Structures are given as C-alpha cells and as structure tokens.
**Q** 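Okay, handing you the structure first.
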Amino acid sequence: MAIASVKLTTPVTSLNRVGTALGNRLKRLGIICVRDLLYHFPFRYEDFSHVVRIADLVEGVSVTIKAKIEIIVARRSPRKRTLLTEAMVSDGTGQLRIVWFGQPYIATVLQTGDEIYFSGKVTRDMLGLQLVSPSYEKVKTGSATAHTARIVPLYPLTEGITHKQVRFLMSQVIDAAQEIHDWIPLKIVQQAHLQPLSKALRAIHFPENQEQITIGTARLKFDELFILQLRAEMIRQELAREHAPKIKFVAEPIKKFVARLPFDLTHDQKTAAWEIFQDMEREEPMNRLLEGDVGSGKTVVAAMAAYQAVQAGYQVAIMAPTEILARQHFETIGALLSRYNSTVDVLLGSLSAKEKTLANARLATGKTAVVIGTHALLTSTVQFKNLGLVIVDEQHRFGVQQRHVLREKSGMSRVPHFLSMTATPIPRSFALTLFGDLDISIIQQMPAGRLPIKTRLVAPHHRTKAYEFIREEITKGRQVFVICPLIDDQGADNKKQITNNNEMKTVLKEYEHLSKEIFPDVCVGFLHGKIKSKEKDEIMQEFLAGKIDILVATSVVEVGVNIPNASVMMIEGAERFGLAQLHQFRGRVGRSVHQSYCFLFTDSDSQKSNERLALFEKTIDGFTLAEYDLNTRGPGEVYGTSQSGLMHLRLATMRDVGIIKLARELARGVDFNQYPMLREKVKEWENTVHLE
Ligand code: ADP
Ligand code: MG
C-alpha cells in the first residue's frame, strides 16, 4: 500500500508485510491501528549514529561501520555443528570479519559487492577484532536507515516480533503522525514551551540526536501528566458545584462504638477517622483516599464512618472489587454495625433474580442502612432512598461517569460523600500526582502485637529445604501461596509487555511441577488471569475453606482476600516484581496468630536486584519500599500491571518533578467549556485505564 494512504485509523494488518500472524502478535502488544503503533514507544535507544572507520575500531564499543562485502559464506562450524554465516568486509581503511550464528539466510540476502551498514558491538577473538551478529542494512542513496547508522530505538516486544519488524512498520507509518491532532490548546502548548505533538512522535521514533529524544519525550510525558491533572481539575470543578448532606459529628455514639471494640485504635486510625468525620460535616462532598497497608485496620475506620452516616439517618454503600471481598466485608462490617440495629445487606451479581429484587426493595424503601456489594451496586435497577456515603475498597479511582450514576441513584438532590480505600502503599507526593483530586489519609502505623512476617531470600541450593519447611507448615494445617512471575520469552528487555497467555503458561508449569513432583500428596490449586472472575472467586472460596493447601497464582492474588490460615508466601522470580508489589504479596499472609513467612527466589545475580531484595528482606514498611522503587523505576513497574489504573504512565516517572508541577499549574482553572477536547481526552483516558 502506498505510504500516502496510511491514516491514523488504518488497521496495522493492511500495512506492508503484516499478515494475520504478525497482526495477532501486534494485537498482544495492544497495537491495532496506526495510531496505536505510533504510541508504542521505545524503552531505550542505541546510538549507532556515528559511522566509524574500520581502522579506528576498538574492542568493546558499539559502532556502525559502512563497508563493502568482499566475501560471504554460510557453513557449519566444525566443532559445534551450528550454522554460521561469515563475511569479510572492507571500507578502504581496513578489513573486518563479521559472524552471525544460526541465520543462514543472511548469506543469500547479502551478496559480495553490496555496500552495507553494520551496527553492533566490537569484540575480539583469536583472529582479531570482529562484529558478532550485527544489525545490517543496505546503503541506499537518498533514503534514511532504520536499523543502523542512526540512534536506533528498542521497543517493547512480544514473542514472534523483532525490533527490526517494529522499526520497519514504524517507517511505513511515521508520516501519518502529521495527521495527529494536537489535543492540547495552542495557548497551553506555548505557555509550557512544548513541541507540537506530531513532531514529538517523530522525534521519539526517529531521533536525529539525543536532544530530539529529550525534547520529544518531555512533550509526551507532559501529555500523560496533564491528562491526570485535568481529570483532577474536572472532578474538583464538578464537586465544587455539588452539595452533599451535612453529616453532623455526634461524639457519644462513636465513643461507645470505639469502647466496644476488642482493641484500642492506633493513633493513625484515630486521625484518619477524625479527618473523615470533619469532611462529612461539610456540605462540599468528601473526596478522600484512605491508604494503609494490609492489616493496618482500614475496615474499622470505614465502619466508623458508615456508623456516623447511619446515625445521621443516611444510607451507606460499600463497594468491593470482587464478590468474595464483598462477602468478607459483609461479615466484618456487618458484625460491627448490626449491634446497633443497623440493617446491613449484600448485593451481588450472583444473587438470584428474586433475591436481587428483594434486596433492591429494601434499599429503595430505606430499610437497608448499609449495603455491601460489587459493581452490581451500579446497575440500573438499584435505587437508594437517601445515599449519604459511598465507600470503595481497593479501587483508587472512581470515574466521573460513576459519580453521576451514584448521584442519580442516591434518591436525593445531593451527592453522597466519597471515601476510597487502598492497601497499595502510594507515597503522598506520588498520590498527589496520580490522584490530585483526592484528599489523603494515611494509616502508616500497624496495630500493636502483630507477629512480623519473616522474610528470607532463599539461595537456589536451599530450595529443597524451603520445600521441606513448607511441607511441615502444611502438616501443621497451614496453607501456602506460590506466586509466579511472568516469564517473558524475549528476555528482560521486554518485561513491560505482559500477556495473560504467558502468565497462564508459567502458572500451569509450576502447578504441574509442584503437584506431580514435589507435593504429589497434598492438594495444589492454581489461579491466573485467564480464569473467569466467577471461577476465580470459587477457587479463592475453596482456598479460604482449606480445601486447597497450596495455591499457585499470578499477581491476581495481590488485592484483598483474607486467608488467615495461610502462613507461607513463596515468590518465584522475585526480581521481576516491584517492591511495592512484593509487599502486597507478603501482606497476604501474617493475618492471624500464626507466625508467617515470605520466601523469595531469584535467578538473577545482578547486584542491583539483589540489593533491592535485600532491602525488602529487612523492611516491613510498604511506603519505604514504594518510595525506593519509584525513584528508580516507572510506576507501572513498581506497582505491576494489574493495577491498571497506574499503568497509563508509560514515559513519565516520579522524577519528572518539573513537568508534574507545570502540568498541575496549567490544569488549574481550565475552562472545559471553552476546550471540550480536553474533556473528551479525560473521558478517553478513563476508558483506557478501565475504571469499572
Ligand atoms: P485492612 O487495612 O487490611 O483492611 P483490616 O481492617 O482488615 O485491615 O484489619 C486487620 C485486622 O486487624 C482485623 O482483624 C482487625 O480487627 C484488626 N485491627 C484493626 N485495628 C486494630 C487495632 N487498632 N488493634 C488491633 N487490631 C486491630
Ligand atoms: Mg481491607
């Protein structure tokens, strides 16, 4: 197809050399149309822009040479019997030997007399200097190179796709970047000294020098951060126009409530509760995030807020991400509140039609004071009598759209107060970037008297011992989690590309190994992202009921469910996870009187990753861990992809302090009626990060 006809919406499958197979692989990377391809950013560059004379080559340096092929042959190496292609090339200043392993077709693609750019690292063997498996590209006058003699981008890949293919596709579509509409108003582009969007996209894929990469990347980072700030501003502006019911703080009942708890509240719990009570007294709707490590005691704080609202005569809705979590909340919160004659109800998707009708009726008439459920609470049939407070667990963000829905359902002309809870340790500074619209309360202090979880990095030769230990725990009646990382077939460079397929493969492999070879006599189960959520719930139920001894899983177990009887968390490929994410896994155990353990396994001997894991071994505070990682890695890697809400930051990191500040300043007071495009962009963003 002619390049000129490539549009942003053109499906990649209609590009040159993209068949069904490649089309499907691109799809796994989230690339369906030309626009997606343009937004598939390099994660690193190799600078091959300086063409070096053969006479000037030195060992150990990455270079590009421009040379003529004098001779090229494919043959079998005598000893190892592998196929190799050998060439002798010269550029007038000297000769150089080039070797490729296992790519016999090269001898037919490249021929004697061809003038070629070769890019690669110079090494030395017995015969002198050489290039091993370099990239190559024919010298064509008047056309730019894609793989050599330039700053070459390296892209996130997936099985069956090469850098060369991505670059080839990119060269076919880059002209379509001109078509991209710059969604940021010109005035702001100028105020922020940004590069036009189309230029930035060209720069990031085809940079001519380092400076272009820096300027282009800065523009694209601004885009990411600006959307976040715009969204916060939009919610702020909308909330400023809304009214919530004033829920007066009455001390007596709360004092009694606290006195009847079997423990003393921690200082942080008291502070958080106090902040929430104060918010609810105002007419402006509360919009607060309650952060606290697993087990820090957020539930009781939420229950106090709910109790306060119920006392004032309002209904409360509590939303959990899964049915099983909703049930757990129903048990704990139900037990706390029902002593005060408040009716607590559940509303789940799995209820029968009849049960749902009854539950709905109780809500609509105000008989139910507190309802706990999943997203079923947002379905059209649900109607409240006077909803005053909404509490959302383990979901950091609540969409503008969802707020509208709840307001429609609230049964009042007022909007409910809103409290969100999360166990993901997100440092305050970062939370402000991500959730600029939310006020934040943090419970950092753990309740006294907990047995700290013992964390150990286990050396490979102690694996058998670890299994023996696990067996003892199981014999004692305890249960075990085994977490598998995503093993990417393309190696570490591509770990950004997470595919469910791969997750499933690793989990099943580990499951086979453990259930057949190591623990044939105990019940092993597995859980991965490809399992439907209803089934997932069932498996977790079985684990909770003690029917499964060892659960092999992916990061899907990260969020929420309380399995008090589990005492061992074993993590394979630990170096592949962010510290905050490892901490979340660790939080799955240590939730009862039993001493719990977290065992880390790693194949990596990189010093950096061992330092990280050593820090994890001795640090129990999730915030410290998150901060450490945020300073060195992107948020997507720190918190993992399953926290999809954090993943849209592909380029920006916490170190982009200047851009964050600029984006925040320029978002303040934006007139969305004047720039409807900005509102559209925020909505589009909300759709892509899957706010549910
Ligand atoms: P999370 O923050 O993970 O939701 P929970 O609210 O489930 O934590 O609390 C974990 C456990 O700690 C619960 O069994 C709860 O009753 C208990 N707990 C909460 N606050 C305290 C406290 N101040 N002192 C002792 N135990 C507490
Ligand atoms: Mg909880």
Side-chain angles (χ1 to χ4, degrees), residues 254-276 288-308 316 318-322 324-339 344 370 372 374 391-396 419-426 431 440-453 481 540 544 557-567 569 580-596 598 620-623 625-626 639 643:
I254 284 290
K255 270 193 190 146
K256 264 195 205 140
F257 183 100
V258 172
R260 284 180 72 173
L261 291 172
F263 45 73
D264 293 332
L265 291 177
T266 62
H267 174 267
D268 288 356
Q269 282 175 315
K270 283 184 204 163
T271 310
W274 178 242
E275 285 167 344
I276 293 166
R288 185 170 286 278
L289 176 68
L290 175 59
E291 270 192 73
D293 233 330
V294 172
S296 63
K298 297 181 293 294
T299 317
V300 66
V301 174
M304 284 162 71
Y307 182 53
Q308 186 65 230
V316 178
I318 301 176
M319 280 172 66
T322 63
I324 182 166
L325 272 169
R327 284 211 189 85
Q328 285 195 346
H329 279 320
F330 176 60
E331 278 165 31
T332 47
I333 296 177
L336 283 168
L337 295 182
S338 54
R339 333 173 167 153
V344 182
V370 178
I372 300 173
T374 53
I391 300 173
V392 181
D393 193 17
E394 286 312 341
Q395 187 184 343
H396 312 131
L419 177 68
S420 175
M421 299 194 285
T422 180
T424 310
I426 305 168
I440 296 168
S441 297
I442 297 183
I443 306 181
Q444 194 149 6
Q445 183 185 31
M446 293 297 259
R450 288 274 161 80
L451 281 177
I453 298 161
F481 284 103
M540 282 314 278
L544 183 60
V557 297
E558 229 174 284
V559 169
V561 181
N562 194 7
I563 314 280
N565 190 47
S567 68
M569 169 57 68
Q581 210 184 351
L582 287 177
H583 185 68
Q584 299 276 91
F585 296 143
R586 179 164 62 182
R588 299 288 102 227
V589 297
R591 308 190 58 143
S592 69
V593 293
H594 308 300
Q595 172 63 53
S596 291
C598 178
I620 51 167
D621 178 43
F623 287 91
L625 293 170
Y639 294 110
Q643 312 257 357

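Given the structure is predicted, the values throughout are model-derived calculations rather than measurements. Note that ligands are numbered from 1 as they come in the structure, with each ligand's atoms numbered from 1 the same way.
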**Q** Which of these passes side-chain contact (heavy atoms from CB on, under 4.5 Å) with Asp293: His583, Lys298, Arg586?
**A**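 Running side-chain contact (heavy atoms from CB on, under 4.5 Å) over His583, Lys298, Arg586 with Asp293 returns exactly one hit, His583.
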**Q** Check Thr299 against ligand 1 and report side chain, backbone, both or neither, counting heavy atoms closer than 4.0 Å.
**A**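 Contact part for Thr299 vs ligand 1: both backbone and side chain.
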**Q** Kindly write out the residues that satisfy side-chain contact (heavy atoms from CB on, under 4.5 Å) with Ala566, not counting sequence neighbours, or none if the list is empty.
**A**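 Listed in chain order: Gln479, Phe481, Ile563, Val589.
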**Q** Does Gln308 use its side chain to pair, donor to acceptor, with the backbone of Ala303 at less than 3.5 Å?
**A**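 Flag not set: sc Gln308 to bb Ala303 has no pair under 3.5 Å.
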**Q** Name all residues meeting the ring-ring contact (aromatic ring centres under 6.0 Å, His included) criterion together with Phe623; count only those two or more places apart in sequence or in a different chain, and write none if there are none.
**A**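 Phe623 satisfies ring-ring contact (aromatic ring centres under 6.0 Å, His included) with no residue once adjacent residues are dropped.
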**Q** Would you confirm whether Glu291, through its side chain, and Ile426, through its main-chain N or O, come within 3.5 Å as a donor-acceptor pair?
**A**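 Yes; at least one donor-acceptor contact below 3.5 Å.
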**Q** Going by the order shown, which atoms of ligand 1 are within less than 4.0 Å of some heavy atom of Thr266?
**A**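 Heavy-atom distances to Thr266 below 4.0 Å select 23 (N).
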**Q** Residue-level breakdown please: for Met421 versus ligand 1, do any non-hydrogen atoms fall below 4.0 Å on the side chain, on the backbone, on both, or on neither?
**A**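 Neither part.
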**Q** Give the atoms of ligand 1, by number and element, whose distance to some non-hydrogen atom of Val294 is under 4.0 Å.
**A**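 Those qualifying, in numeric order: 3 (O).
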**Q** For ligand 1, which atoms sit closer than 4.0 Å to a heavy atom of Asp264?
**A**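 Those of ligand 1 that fall under 4.0 Å from Asp264 are 22 (C), 23 (N), 24 (N).
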**Q** Quick one: does Ser296 get within less than 4.0 Å of ligand 1, heavy atoms only?
**A**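 Yes, Ser296 has heavy atoms under 4.0 Å from ligand 1.
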**Q** Determine, using heavy atoms of Gly295 and all atoms of ligand 1, whether some pair is separated by less than 4.0 Å.
**A**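 Heavy atoms of Gly295 do come under 4.0 Å of ligand 1.
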**Q** Do Gln445 side-chain atoms and Thr266 backbone N/O form a donor-acceptor pair below 3.5 Å?
**A**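 Pair absent, no side-chain N/O of Gln445 close to backbone of Thr266.
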**Q** When you look for heavy atoms under 4.0 Å from ligand 1, do you find them on the side chain of Asp293, its backbone, both, or neither?
**A**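 Under 4.0 Å from ligand 1, Asp293 contributes backbone atoms alone.
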